[in-house]
There are 2 protein chains.
Amino acid sequence: MKKKITLKQIARELDVSISTVSKALRDSIEISEDTRQKVQAFAKLYNYRPNNIALSLKNRKTKTIGVIIPEIVHHFFSKVIRGIELVANKRGYNVIIGLSNESFDKEVINMQMLANGSIDGFILSIAKETLQQQDYHHFKETINQGMPIVMFDRIVNDIHCDKVIIDDVKGSKNAVSKLLSNGCKNVAIITTKDYVSVGKLRTQGYLEALEDFKITPDTDLILKVDDELVSEDHLESLEKEIEGLFHNNKNIDGVFAVNELYAIIAMKVARNLGMKIPDEIQFIGFTDGVLSKHATPSLTTVNQHGQEMGEKAAGLLIDNLERESEEEQYTTIVIETELVERNSTK
Amino acid sequence: MKKKITLKQIARELDVSISTVSKALRDSIEISEDTRQKVQAFAKLYNYRPNNIALSLKNRKTKTIGVIIPEIVHHFFSKVIRGIELVANKRGYNVIIGLSNESFDKEVINMQMLANGSIDGFILSIAKETLQQQDYHHFKETINQGMPIVMFDRIVNDIHCDKVIIDDVKGSKNAVSKLLSNGCKNVAIITTKDYVSVGKLRTQGYLEALEDFKITPDTDLILKVDDELVSEDHLESLEKEIEGLFHNNKNIDGVFAVNELYAIIAMKVARNLGMKIPDEIQFIGFTDGVLSKHATPSLTTVNQHGQEMGEKAAGLLIDNLERESEEEQYTTIVIETELVERNSTK
DNA sequence: TGTCAACACGAAAACGTTTTCGCCAAGAAT
DNA sequence: ATTCTTGGCGAAAACGTTTTCGTGTTGACA
């Protein structure tokens, strides 16, 4: 087992100074052709690679991006990560991952662990609990210490930083409009409690679409799911709620859900109740994941372009990190959503 | 914007030496109660945190684990990551992610990027291309340089390191036996080309089950899919192949697929051909993902316990990193699979 | 009064780089 | 023969820690 070799060892072996070795390896003009070749040959032989940590310390840059997301077993977030990793790697950066698990405390701890020199900047999407408590001091402090942050998807407006979002309102409005122009008269929405920003915005889009079509919203058709109760394994309560929705409103002929899973479950409930999809009732979900594509019938969804969000976010962050000027000006990139039409709509 | 504060700055402000500050903060007995309190108060005020990079350089440990996986938009791999992150964090480690994208070159480059001091050890699952080329020099070199590796799921036997796997043969054998005891007479298998180790093993399990039931395997019932051709968006060719399988073998009454997607697609094809599931034909897939649970009918699968694999892998690696003794002895942990019965089987 | 332990603190090395500066010798120019 | 350039190299600082090893001051004790 040969341990990693250092400049010092090369210097000792070749009986020159450390400076000479360093310069020779970096093709400095100061070094004679002779010694340069000698050093380079030796380095190659022993497979020398500069120690990254030492470089980071010296340059006060780690060339590493910290990503904090609420959950990784999730199609959307993993797509974002893929996007981040793609451009980060292309531009010579590594990606280090922290999972908040939707918890405020874990989010804070994770940020502290990484903010002490391990990374150059953050890309993150806020945990539900944080949004609920509305405590954003850790973001502010991080930014104050000079570490840039890019937020994506779940953002909060009064933090001053780069952001990558989709136009949730527009995306939902489009989707619901689609249902309405397809002839639906009574479109229900399955959404989350208001504290999750995106749920709120998507509900707004729903309402705007109704307004466009001169329909007065019916609060009975707005189902706000308490997603505390809906874990991966606890879907029964969700099914019950949706069953209730259908039961109390026999005339529902369209459903818009603010995420993929809700839509899939709703379709399942409807099917069990004997409703024909898409003839009697049509469905559209938000977020285009694997489920939508392979469900029966396949689900029409609003594609969020997760990978592109990741790419843009990483681009913004690295641009910021490598920018010379000190002037702080923050950008918000809005990614266009796309309605992917499948068989759950006419 | 107040930049991060260092020991040196504290020392200057308080007019003591750097050593004193360091010791005071670590509650050294050498320092008087007076100065200790003074220093600690000042440090708290300015929110001092030791620079991680400097510590890494000094300790020659980064407390960071490198994870290299072929793909992240994948239920199984993201579950493994979640497991890794869970125990890594609990034990004070960070997780840095590299995606090989199933490419040999990217795998090598990623390992080189991380092996230069950025991390203390690797957890990885081998890229398809690497398995195909059977070039494992980068693993051997990494291990030779004293950096421990833990492989999971897709492993290769002649590399000497810790491993976490499932018993693919046993898992498949169980699944196929289930089909056979459920009354299936002609069970087909949809598998991958042989170079991916797990495909091979799962096929072996299939054959063993047949043997147990005194059935001679029919090569027509073994469909080896060239997964080069099956990308996320290119499923038509796969559907065609499966259609061909059903067409040429009208008597198929059971299908075992070596992954979730193949099983879902096969169910879809069967349904389109008018076959009744599970009455006329039964399905079992491998890997328990979201698709299986929400498919119609829901799919019986072999659960690989991805999160547990991640936890065990991280445990092995950290144990190794923190082990005092130099004796190298490598463990292979075999995770038990579990047949999750749903509605695609009787 | 002189010696010694205990106490409180500082200097410096070390981790592995890069880079600035200074130095010496040799050859060129005057 | 003296001065000036220049090529080639080394010393040392710096990044931010921790830790070992002094060192000076104080008080106690003989």
Side-chain angles (χ1 to χ4, degrees), chain A residues 3-40 42-43 46-64 113-120 145-147, chain B residues 2-40 42-43 46-64 114-120 145-147:
Chain A
K3 277 275 177 194
K4 298 235 52 159
I5 197 171
T6 69
L7 286 187
K8 192 193 279 192
Q9 294 168 43
I10 301 184
R12 197 179 308 147
E13 290 294 321
L14 263 49
D15 212 36
V16 290
S17 78
I18 296 182
S19 342
T20 305
V21 178
S22 175
K23 290 172 190 164
L25 290 176
R26 325 198 91 239
D27 284 329
S28 161
I29 193 179
E30 284 185 36
I31 304 299
S32 72
E33 187 62 24
D34 247 26
T35 38
R36 213 181 65 196
Q37 297 206 347
K38 199 172 56 178
V39 171
Q40 295 195 350
F42 192 90
Y46 281 87
N47 196 30
Y48 169 79
R49 309 234 182 255
N51 180 311
N52 239 319
I53 293 293
L55 286 180
S56 297
L57 184 58
K58 179 136 191 53
N59 302 330
R60 277 178 287 181
K61 287 183 188 164
T62 60
K63 289 272 190 177
T64 302
M113 270 191 86
L114 297 181
N116 301 317
S118 302
I119 61 163
D120 295 340
Q145 294 194 347
M147 176 154 310
Chain B
K2 43 176 185 187
K3 277 275 178 194
K4 299 234 52 159
I5 198 170
T6 69
L7 287 187
K8 193 193 281 192
Q9 294 169 42
I10 300 184
R12 198 179 309 147
E13 291 293 323
L14 264 50
D15 211 38
V16 291
S17 78
I18 297 182
S19 341
T20 305
V21 177
S22 174
K23 288 173 191 163
L25 290 175
R26 322 199 93 239
D27 284 329
S28 162
I29 192 181
E30 284 185 38
I31 304 299
S32 71
E33 187 61 23
D34 247 24
T35 39
R36 212 181 66 196
Q37 296 206 347
K38 199 173 56 179
V39 170
Q40 294 195 351
F42 191 90
Y46 281 86
N47 196 28
Y48 169 80
R49 309 235 181 255
N51 179 309
N52 239 317
I53 294 293
L55 286 180
S56 297
L57 183 60
K58 178 131 192 59
N59 302 330
R60 276 179 288 185
K61 285 183 189 163
T62 61
K63 289 273 191 175
T64 302
L114 297 181
N116 302 316
S118 303
I119 61 163
D120 295 341
Q145 294 194 348
M147 177 155 309

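A quick note: this is a predicted structure, and the numbers were derived from the prediction, not measured. Lettering follows sequence order; numbering is per chain, from 1.
Within the 4.0 angstrom heavy-atom criterion, only backbone atoms of the sugar-phosphate kind lie near T35(B); the bases stay farther away. Heavy atoms of S22(B) sit under 4.0 angstrom from at least one base atom.
Nearest-nucleotide positions on DNA chain D place E30(A) closer to the 5' end than the other of E30(A) and R26(B). Closest-nucleotide positions on DNA chain C for K58(B) and D15(B) were compared, and the one nearer the 5' end corresponds to D15(B).
What separates CG of L7(B) from C1' of dA11(C) is a distance of 15 Å, to the nearest Å. Between I53(A) atom CD1 and dA14(C) atom P there is a gap of 21 Å when expressed in whole angstrom units. In this structure, the NZ atom of K63(B) is 16 Å from the C1' atom of dT17(D), given to the nearest Å. Rounded to an integer number of Å, the gap from K8(A) NZ to dA11(D) P is 13 Å. For L25(A) and dT18(C), the CG to C1' distance is 12 Å, given to the nearest whole Å. Rounded to whole Å, atom P of dT19(C) lies 8 Å from atom CG of N59(A). Per the geometry, CZ belonging to R60(A) stands 16 Å off P belonging to dT18(C), to the nearest Å. Taking atom CG of L55(B) as the reference point, atom P of dT19(D) lies 10 Å away to the nearest angstrom.
Side chain of K23(B), nearest nucleotide from dC9(D), dT17(D), dC9(C): dC9(C). Out of dA12(C), dT17(C), dC15(D), the shortest distance to the side chain of L57(A) is found at dC15(D). Comparing dT17(D), dC9(C), dT17(C) by their nearest atom to the side chain of Y48(B) picks out dT17(D).
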Worksheet item: Taking it one step at a time, do V39(A) and K23(A) satisfy side-chain contact (heavy atoms from CB on, under 4.5 Å)?
Response: CA-CA 10 Å; V39(A) 171; K23(A) 290 172 190 164; over 6 Å; no
Practice prompt. Could you walk me through whether Q9(B) and E13(B) pass side-chain hydrogen bond (donor to acceptor under 3.5 Å, both in side chains), step by step?
Written response: CA-CA 6 Å; Q9(B) 294 169 42; E13(B) 291 293 323; over 6 Å; no
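Five base pairs at each end of the helix from dT1(C)-dA30(D) to dT30(C)-dA1(D) define two local axes, and these are offset by 90° (rounded to 10°).
A donor and an acceptor atom sit less than 3.5 Å apart, one in the side chain of S19(A) and one in the base of dA11(D).
Within the model, atoms NZ of K4(A) and CG of N116(B) stand 4.5 Å from one another, a figure rounded to the nearest 0.5 Å. The OG atom of S56(A) sits 9.5 Å away from the CG atom of N51(B) when rounded to the nearest 0.5 Å.
Exactly one residue among L25(A), L14(A), L7(A), I31(A) makes a side chain to side chain contact (heavy atoms under 4.5 Å, CB included) with T20(A). That residue is I31(A).
Remark: D120(B) pairs with K61(B), T62(B), Y93(B), L321(B) by the side-chain contact (heavy atoms from CB on, under 4.5 Å) rule, at least two apart or across chains.
Atom CG of D15(B) has 12 or fewer heavy atoms from other residues, nucleotides or ligands within 6.0 Å.
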